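See below for the structure under consideration.
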Amino acid sequence: MSNAIQVLAWSELTEPKYAYPKGINGALAEYLNVFDDISAKTACLNDRDQGVSENALANADVLIWFGHVKHGEVKQESIDRIVRHVKERGMGFLGLHSTHFALPYKALMGTSCAWRTYVEDGKPGHIKVVSPSHPIAEGVTDFVIPHEEWYGEPYEVPEPEAVVFEGHYVDGKEIARDGLVWTVGKGRVFYFRPGHETYPIYYMAEIRKIILNGVRWCAGC
Ligand code: ZN
């Protein structure tokens with residue numbers, strides 16, 4: 001389908017194979033390709049031009065990004081290209097979990113993007129829909145991620161246009177903004193915080209629905 005939303009699903013591919021045999025990006029692309037209005041490809045750090053060549057970005061409506069321990073290997077020219085495509089052309093950027101410290105994401109936000117703390121206790125996370133009228137929340141109701149890592153507020157990012165989801169952790173004592181949206185230049189940015197790489201939550205139906213909605217919203221739909 002030629003007018004389908006073109007998604008480039010990128011990962012540094014350090015997520016463990018037992019959780020994501022084809023990477024987080026492969027898992028998401030496979031899922032997204034089920035939908036007629038979406039055409040998803042994968043890319044990774046080791047690809048030519050780090051998977052984000054001018055041509056690859058020019059053909060992408062939405063870039064999904066998963067980075068964790070290799071943020072520093074992403075070259076300045078890659079970062080600059082991504083930022084230009086978001087700000088000037090309106091490419092959407094969907095950042096997952098530890099992508100909060102990815103350099104292209106930090107360049108888009110313009111802040112440190114640091115959380116107060118990071119606690120991998122593997123305990124349940126209660127995800128609450130706090131902006132039910134937002135398109136990214138369509139068809140999503142509160143749900144529980146059985147095992148997760150939590151990040152603690154404050155989270156140093158610009159004031160978002162909307163907080164779509166909150167995560168409640170440690171018996172509700174820790175409440176984090178787990179789904180946030182901004183417009184940066186002409187582009188839409190969605191950051192989704194859950195998704196520690198050893199807990200394969202990107203196979204969960206609720207999470208997949210959020211990513212699907214997020215892709216469509218980032219594409220301007
Ligand atoms: Zn993590």
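Bear in mind the structure is a predicted one, so any value in this text is a computation, not a measurement. We're numbering straight along the sequence, starting at 1. Ligands are counted one by one from 1 in listed order, and the atoms in each one are counted from 1 as well. Quick note: numbers below take in every heavy atom, side chains included, and nothing from hydrogens, waters or symmetry partners.
Classified by interplanar angle (parallel below 30°, tilted 30° to 60°, perpendicular above 60°), the ring pair Tyr203/Tyr20 is parallel.
Once rounded to the nearest 0.5 Å, the distance linking CH2 of Trp182 with CD of Glu161 reads 9.5 Å.
Judged purely by distance below 3.5 Å, without hydrogens or angles, the side chains of His97 and Tyr151 pair a donor atom with an acceptor atom. Side-chain N/O atoms of Tyr202 and Glu15 include no donor and acceptor closer than 3.5 Å.
The Zn ion (ligand 1) lies closest to atom ND1 when only the N/O/S atoms of His196 are considered. The Zn ion (ligand 1) lies closest to atom OE1 when only the N/O/S atoms of Glu149 are considered.
For a distance bound of 2.8 Å, the N, O or S atoms of His68 include none lying that close to the Zn ion (ligand 1).
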